[in-house]
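In what follows, a single structure is set out as structure tokens and then discussed.
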Amino acid sequence: WLRGSDEHAVKDEVNTIRARIELEAKNKTVFSASEWKKPGVYRPFLISILMMLFLQISGMNLMIFYCNPIFFFSKAGIPEDIGSVIVGVVLLVSCFAAIFF
């Protein structure tokens, strides 16, 4: 999705990367601001920034940190320690689901 799935385009990109590495080794070029205009640079960067932003504004860190008191004061009917374990297992399963699906 970020760069396309065409095999020829992938080979071209690999050759371009190899040529740039050789050129940079010779010229010692640095990353310039004009590089940000390329979709292969700004798309992955934008996606990672948005993922971090959504993680912070979703309150997930807060919920994980205060998991025991939340279960204690909510009178959920299960011990807060078991509730924390359940939350951890659900997070682990959701991480694997996000990786494979």
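Note on Arg18 versus Glu24: no salt bridge recorded, every NZ/NE/NH1/NH2 to OD/OE distance being 4.0 Å or above.
Evaluation of the ring-ring contact (aromatic ring centres under 6.0 Å, His included) test over residues 34-68, restricted to residues two or more places apart or in two chains, returns Phe31-Trp36, Trp36-Phe45.
Linking ILVMFWY residues whenever their side-chain heavy atoms come closer than 4.5 Å, directly or via other members, leaves Leu55 and Ile47 in distinct clusters. Under the 4.5 Å side-chain heavy-atom criterion for ILVMFWY residues, no single connected hydrophobic cluster contains both Leu50 and Val41. Ile99 and Val93 fall into different hydrophobic clusters, where Ile, Leu, Val, Met, Phe, Trp and Tyr side chains are chained together by heavy-atom contacts under 4.5 Å. Taken together through direct or relayed side-chain contacts under 4.5 Å among Ile, Leu, Val, Met, Phe, Trp and Tyr, Ile78 and Val89 form parts of separate hydrophobic clusters. Note: the hydrophobic cluster containing Leu91 also contains Leu62 (ILVMFWY, side chain heavy atoms under 4.5 Å, direct or indirect links).
Crowding of Met60 atom CE: a count of heavy atoms from other residues, nucleotides or ligands under 6.0 Å not exceeding 12.
Partners of Lys26 according to the side-chain hydrogen bond (donor to acceptor under 3.5 Å, both in side chains) rule, which considers only residues two or more places apart in sequence or in another chain, do not exist here.
For the pair Glu80 and Phe72, the tightest heavy-atom approach, listed with the atom from each and the gap, is OE1-CD1, 3.8 Å. Nearest heavy atoms, Gln56 versus Asn61: NE2-ND2, 3.2 Å.
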Open item on the list: Go through it in stages, so that I can follow the logic: the residues are Glu35 and Arg20, the test is salt bridge (charged side-chain N to carboxylate O under 4.0 Å, His left out), and I'd like the CA-CA distance, side-chain angles, deciding distance and then a yes or no.
Closed with: CA-CA 13 Å; Glu35 296 287 327; Arg20 294 242 1 221; 3.3 Å; yes
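Here Leu46 contributes atom CG and Leu53 contributes atom CG; the two are 10.5 Å apart, rounded to the nearest 0.5 Å. To the nearest 0.5 Å, atom CD of residue Glu7 and atom CG of residue Asp12 are 11.0 Å apart.
Using a 4.5 Å heavy-atom cutoff, the side chains of Phe71 and Ile82 are not in contact. Counting heavy atoms from C-beta on, the side chains of Ile64 and Cys67 never come closer than 4.5 Å.
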